[in-house]
Amino acid sequence: MLDIRKIRENPEFYQIETQKKGSAIQIEELLKIDEKRRDLLTQVEQLKRERNSSSKMIGEAKKRGEDAEEAVLSMRKLGDEIAEIDNQMKALDAEQTELLMMIPNVAHPSTPEGKTSEDNVTVSTWGSPKKHDFNALDHKSLGEKLGIFDFERGAKISGSGFPVYRGLGAKLERALIQWFLDMHLEAGFEEVIPPYLVHRDSMRGTGQLPKFEEDMYHCAKDDLFLIPTAEVPVTNLYSNEVIPESELPMRLCAYSACFRREAGSYGKDTRGLLRLHQFNKVEMVYFSHPTKSYEDHETLTRFAEVLLEKLGLSYRRLALCKGDLGFGAAKCYDLEVYAPVEDKWLEVSSCSNFEDFQARRSNIKTKINGKNTFLHTLNGSGLATPRVMVAICDQYQTADGSLMIPEVLRPYMGGLQQISPSK
RNA sequence: GGAGGAAUGGCCGAGUGGUUGAAGGCGCACGCUUGGAAAGCGUGUUUACUUAAUUGUAACGAGGGUUCGAAUCCCUCUUCCUCCUCCA
């Protein structure tokens with residue numbers, strides 16, 4: 001959520017910047033409501049002041065045994081007036097908040113200008129994209145041949161987009177998750193196992209609601225939402241709290257299953273593991289000092305990159321342009337891993353700095369020089385497993401149809417070096 | 001799921017309708033005292049919005065109600081505790 005005071009001070013700036021984020025602010029309406037609201041506020045506070053002093057006098061008079069009937073009567077009228085204005089104000093307040101909640105964050109100046117993913121800027125590339133000199137299989141065919149994925153039965157029980165990992169595939173998936181977590185723990189993150197179902201407030205806090213309700217799985221009976229990322233419960237861990245400045249940056253990591261309806265993206269890269277309704281991801285979350293968040297953002301992104309480097313998967317880092325930036329993000333790097341069989345770069349991580357956008361929604365503060373201040377929240381995948389799995393399948397398969405296990409994962413596979421087709 | 005109890009400031013804990021934003025204690029900060037420290041004494045110590053202004057308004061789990069006036073009375077909800085029931 002943006003700061004209404006800043007919008008008030010510099011409406012043109014916010015008009016232009018939110019437009020670049022692909023969703024223009026309804027600035028006139030917003031400021032009109034704001035002005036009316038503040039007008040009523042001063043009015044009603046004046047009336048309340050009157051009420052407070054009169055009530056005090058009534059109390060004193062009654063104590064002295066005097067009759068205060070007349071004052072009581074006029075106060076009763078004043079009370080009605082106050083209630084009336086209070087109601088108007090509450091309505092305006094709700095209206096204003098709803099508008100503010102629909103407005104995206106503005107981009108950091110270091111973010112490239114641009115409208116679509118075409119305009120994203122490749123910041124760096126690591127490794128050289130591998131090419132096979134044999135006729136390599138795509139991950140779906142390979143995986144089914146090796147018996148490590150079972151897409152058909154997943155679809156049978158839940159529909160498409162719900163993969164089943166089997167046998168050594170399940171173990172490999174688990175190895176990825178565990179290795180990711182272990183790497184983060186080594187770097188000093190605290191591990192969290194969060195709830196997968198969260199209430200509406202949490203979803204509003206991180207920005208999924210109210211705007212993107214359609215993309216979420218919702219349990220109507222309990223009004224709970226399945227998390228699309230561990231970012232939601234982990235960031236909201238500290239909602240309505242003040243984190244001591246000395247504890248910043250606070251760094252948490254969490255594995256969770258993630259659930260996304262992917263409404264409106266049917267038909268796009270839906271093969272195999274490329275786009276799913278349920279997938280596994282390890283997420284890193286930072287609660288940062290407002291003056292340090294951009295440093296932290298670089299550090300965070302590096303943690304994710306190192307994982308790909310250790311897996312021996314070439315990747316590139318993109319700086320998202322203003323138009324492609326997520327709703328709440330001020331700056332974001334995407335990491336894309338190269339999948340040789342697909343001959344595509346696949347997004348496996350998104351590392352974002354939200355500045356105080358989420359902190360304001362969730363009310364997460366820190367105390368700086370005795371003053372409570374919204375802190376900055378950051379998060380990044382480290383990493384989402386499905387496309388890493390695709391890249392591994394693509395890159396680590398051999399001409400005889402086996403799949404080599406990346407070196408770093410072998411300790412988690414009982415020393416297993418490769419998965420071979422059963423005879 | 002059933003029965004009961006509880007929720008107050010950084011912490012503990014008073015407070016059952018009026019001058020209580022909230023006693024008292026602890027903690028913390030500053031000062032006095034001291035060779036130094038402890039003890040002791042003194043002062044201060046919530047947040048948000050608002051104002052020229054410590055000007056004013058609001059907040060005692062959350063929301064609603066009664067009242068001239070609510071931390072205090074009523075209703076709903078949430079969370080925690082105890083006892084049953086059930087269960088991985």
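Keep in mind that the numbers below use all heavy atoms, side chains included, and drop hydrogens, waters and symmetry copies.
- One P atom belongs to B:rA14, the other to B:rG2, and the distance between them is 31 Å to the nearest Å.
- Distance check on atom C1': B:rG21 versus B:rC30 gives 23 Å, rounded to whole Å.
- Put simply, A:R49 has no side-chain N or O that comes within less than 4.0 Å of OP1 or OP2 on B:rA58.
- Here side chain to side chain donor-acceptor pair (under 3.5 Å) pairs that include residues 402-420 of chain A, with residues two or more places apart or in two chains, are A:D182-A:Y412, A:D400-A:S402, A:S402-A:Q418, A:S402-A:S420, A:Q418-A:S420.
- Sorted by first and then second residue, the side chain to side chain donor-acceptor pair (under 3.5 Å) pairs involving residues 229-238 of chain A (not counting sequence neighbours) are A:T229-A:K281, A:E231-A:Q358, A:E231-A:N379, A:N236-A:S362.
- Between the CZ atom of A:F374 and the C1' atom of B:rC49 there is a distance of 12 Å, rounded to whole Å.
- The nearest whole Å value for the distance from the CD1 atom in A:I4 to the P atom in B:rU50 is 11 Å.
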Under 3.5 Å donor-acceptor pairs involving side-chain atoms of residues 366-375 of chain A, not counting sequence neighbours:
from, atom 1, to, atom 2, distance (Å)
A:T366, OG1, A:I243, O, 2.6
A:T366, OG1, A:E245, N, 3.3
A:T373, OG1, A:K371, O, 3.1

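- We find that CG of A:L47 is positioned 12 Å from P of B:rU57, with the value rounded to whole Å.
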Study note, to complete from the structure: Its contact letters, B for base, S for sugar-phosphate only and - for none at protein heavy atoms under 4.0 Å, make nucleotides 64-72 of chain B read S---BS---
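- Checked options A:Q96, A:Q88, A:E95; the residue passing with A:R37 is A:Q96 (criterion: side chain to side chain donor-acceptor pair (under 3.5 Å)).
- Candidate nucleotides B:rU46, B:rU57, B:rU50 were compared by shortest atom distance to the side chain of A:K48, and B:rU57 ranks first.
- The residue A:R37 sits apart from the nucleic acid: no heavy atom pair falls under 4.0 Å.
- In this structure, CG of A:N372 is placed 9 Å from C1' of B:rU46, rounded to the nearest angstrom.
- One P atom belongs to B:rU76, the other to B:rG69, and the distance between them is 23 Å to the nearest Å.
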Under 3.5 Å, sequence neighbours excluded: what are the donor-acceptor pairs made by side chains of residues 149-158 of chain A?
from, atom 1, to, atom 2, distance (Å)
A:D150, OD1, A:R153, N, 3.1
A:D150, OD2, A:R153, NH1, 2.8
A:D150, OD2, A:R166, NH1, 2.8

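- Note: CG (A:D86) to P (B:rC49) measures 18 Å, nearest angstrom.
- Helical stems in RNA chain B, defined as runs of 3 or more consecutive Watson-Crick or G-U wobble pairs with both donor-acceptor distances under 3.5 Å, are listed by first residue as B:1-7 with B:78-84, B:10-12 with B:24-26, B:27-32 with B:40-45, B:46-49 with B:56-59, B:61-65 with B:73-77.
- Residue A:I82 contributes atom CD1, which lies 13 Å from atom C1' of B:rG56 at whole-angstrom precision.
- When the side chain to side chain contact (heavy atoms under 4.5 Å, CB included) test is applied to A:K344, the partners found at least two apart in sequence or on another chain are A:D269, A:E342, A:L346.
- Heavy-atom distances to RNA chain B give each of A:K367 and A:R38 a nearest nucleotide, and the one nearer the 5′ end belongs to A:K367.
- Applying the salt bridge (Lys or Arg N to Asp or Glu O under 4.0 Å) criterion to A:R38, with sequence neighbours excluded, gives A:D34.
- By the ring pair (Phe, Tyr, Trp, His ring centres under 6.0 Å) test, A:H218 is found to be paired with A:F225, residues two or more places apart in sequence or in another chain being considered.
- Residues that satisfy the side chain to side chain contact (heavy atoms under 4.5 Å, CB included) test with A:S246, not counting sequence neighbours, are A:P244.
- Residue A:N240 contributes atom CG, which lies 11 Å from atom P of B:rA62 at whole-angstrom precision.
- Using a 4.0 Å cut-off between charged nitrogen and carboxylate oxygen, A:E190 and A:R251 do not count as a salt-bridge pair.
- For the C1' atoms, the distance from B:rG65 to B:rA70 is 12 Å, rounded to whole Å.
- For B:rU19, the base has a donor-acceptor partner in the side chain of A:K63 [N/O atoms by modelled type, under 3.5 angstrom].
- To the nearest whole angstrom, the two C1' atoms, one in B:rC81 and one in B:rG25, are 25 Å apart.
- Side chain of A:S74 to backbone of A:A71: a donor-acceptor contact under 3.5 angstrom is found.
- The distance between atom CG of A:D201 and atom P of B:rA62, rounded to the nearest whole Å, is 14 Å.
- A donor-acceptor contact closer than 3.5 angstrom links the side chains of A:H277 and A:Y217.
- For the segment residues 244-251 of chain A, no residue has any heavy atom less than 4.0 angstrom from an atom of RNA chain B.
- Checked against ring pair (Phe, Tyr, Trp, His ring centres under 6.0 Å), A:F303 has the following partners two or more places apart in sequence or in another chain: A:F189.
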